[in-house]
There are 2 protein chains.
Amino acid sequence: MNISTKVMGRLARYRALLTDYFPKEKTHIFSHDLAAMMGLSASQIRRDLMCLGYFGVPRYGYEISELVKHINNVLDASKLHHVAVVGAGNLGRALMTFLESRRATLKIVAAFDDDPDKANRVLNGVPCFHMDLVEEVVKRDDIRIAILCVPGAVAQRVTDLLVKSGVKGILNFAPVPIRIPVGVVLEEIDLTSALERVAFFTNNRANAPKEKRHADR
Amino acid sequence: MNISTKVMGRLARYRALLTDYFPKEKTHIFSHDLAAMMGLSASQIRRDLMCLGYFGVPRYGYEISELVKHINNVLDASKLHHVAVVGAGNLGRALMTFLESRRATLKIVAAFDDDPDKANRVLNGVPCFHMDLVEEVVKRDDIRIAILCVPGAVAQRVTDLLVKSGVKGILNFAPVPIRIPVGVVLEEIDLTSALERVAFFTNNRANAPKEKRHADR
DNA sequence: TAGATTGTTAATCGATTAACAATC
DNA sequence: TAGATTGTTAATCGATTAACAATC
């Protein structure tokens, strides 16, 4: 089965919703109910769930515990990943706190920063090292994924260093696009442009894309 | 001209790149150079720029200052927006610092939090109020956009309050989807699922979507 | 049984890419 | 002029939605 980035992202969100924010006493859910909660169409939910190899029952819907179990199977096929936060400024430190312990399979094991004052201390529960030690620590701790929160001006340089050190996946919050070699996975989140996007559509209703709050049929 | 969310987001990124991270001495740029820097195709760049009403010159490319001016015209048609950060935890405070002063047209004028210790103080340069004052302050300061950084469990309740108070656009970082009425603009950024997405594709190369680093022809 | 919901296929929609005439 | 690059159209690709037979 070939799972696209979009489907994969939605599966993660279905799981989060069902495990963390759903009444424990409910055992089953219909595609249209999940759709309503997610702000998607029921068709899309059903299509997404097709990749799981788990099937609901007409009239009863999907059994939540089974559904979550199958999403786990697909998503966490990858076992435990060690993650590093690179750039321990405000954003980097906030992400350490926010992302740590959300997923058992993703563990933030190190932070890196240029600032000598931050090196060799524990910041937000994560040991912080000087940027000079990236290669050493990445190899030593088998760090596969980096969350990049450095200033735009050094983003590409730091990326090259991370890739050279063996990092295989990067989540980039720096405000510039970075280039990576084939074989490395990249996800870019541009916070500034996300805010600008909201602002733009906020009083340009004429341009606003149509709403996406559907019901089925 | 009808500009999609995607095009709009890319225009914002072109502008950021050209204004903040591009050598000052260069006056012109070709579509394929911008494409290489952004990790996109030249075709896509040219198509995106079509909505600007500004035209490049064959053989000379696009004049950067003019290009930026036209992107400004389109993107900031909306003039100044007042923005509030709702939920002044680690993430909220980091975003205050990170997003403030990035765009002259977007000004963070208030933060809100449930914690009485945070109320009536200035946090990261932004005056913080107790959540009880949302309606009053939003109206008083004409706040149009909210950056939502509250825990998932209260996200919908807080959203309803914001919308009732007159907020027209929401950038949601809470880890659950929220529902909004027609007429309000919503952008959701799920940080946890973004990280999970990187992790998933990081050692599932078979599933990885194809790379996107093209050249033209 | 009758009615509701599923899995899946076909149709639609939108976004990206390729191609190329125009043009500097 | 010749060659490179543009704007724009047509072709392709991928994602979403609609429709419906299967089925509980």
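Within every chain, numbering begins at 1; the chains are lettered A, B, ... in the order of the sequence lines, protein sequences first and strands thereafter. For the numbers below, each heavy atom of this structure counts, side chains included, while hydrogens, waters and symmetry mates do not.
With contacts defined as side-chain heavy-atom distances shorter than 4.5 Å, the pair A:E196/A:F200 does not qualify.
Regarding contacts with the backbone of D:dA19, every side-chain N or O of A:R47 stays at 4.0 angstrom or more from both OP1 and OP2. Here A:S41 reaches the OP1 or OP2 of D:dT17: one of its side-chain N or O atoms lies under 4.0 Å away. Between A:Y54 and C:dT6 there is no side-chain N or O to OP1 or OP2 distance below 4.0 Å. OP1 or OP2 of D:dT6 has at least one side-chain nitrogen or oxygen of B:S31 nearer than 4.0 Å.
In this structure, B:K6 and A:G56 both approach DNA chain C, and ranking their closest nucleotides by distance from the 5' end singles out A:G56. In this structure, B:G61 and A:Y60 both approach DNA chain D, and ranking their closest nucleotides by distance from the 5' end singles out B:G61.
Comparing atom distances between the A:R46 side chain and each of C:dA15, D:dC20, D:dT6 picks out D:dC20 as nearest. Candidate nucleotides C:dG7, D:dT16, C:dA19 were compared by shortest atom distance to the side chain of B:S43, and C:dA19 ranks first.
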Test side chain to side chain donor-acceptor pair (under 3.5 Å) on B:Y14 and B:D48 and set out the steps. CA-CA 10 Å; B:Y14 302 158; B:D48 286 349; 2.6 Å; yes
If you apply the rule side chain to side chain donor-acceptor pair (under 3.5 Å), what do you find for A:R93 with B:N90, and how did you get there? CA-CA 8 Å; A:R93 294 202 309 280; B:N90 284 295; over 6 Å; no
Under 3.5 Å, N/O pairs linking protein and nucleotides 1-4 of chain C:
{"from": "C:dG3", "atom 1": "N2", "to": "A:R59", "atom 2": "NE", "distance (Å)": "3.0"}
{"from": "C:dA4", "atom 1": "O4'", "to": "A:R59", "atom 2": "NH1", "distance (Å)": "3.0"}

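With the 3.5 Å cutoff on both pairing distances, Watson-Crick and G-U pairs in DNA chain C assemble into runs of at least 3 at C:3-24 with D:3-24.
Salt-bridge formation is not detected for the pair B:D33/B:K26: no Lys NZ or Arg NE/NH1/NH2 atom is positioned less than 4.0 Å from an Asp or Glu carboxylate oxygen.
For the atom pair CD of A:E188 and CE of B:M38, the computed distance is 7.5 Å after rounding to the nearest 0.5 Å.
Counting to the nearest Å, the P atom of D:dA19 and the CD atom of A:Q44 are 17 Å from each other.
A:D76 pairs with exactly one of A:R15, A:R103, A:H81 by the side-chain hydrogen bond (donor to acceptor under 3.5 Å, both in side chains) rule, that one being A:R15.
Under 3.5 Å, the side chains of B:T202 and A:R144 contain no donor-acceptor pair of N or O atoms.
Heavy-atom minimum distance, A:R13 versus B:D190: NE-OD2, 2.9 Å.
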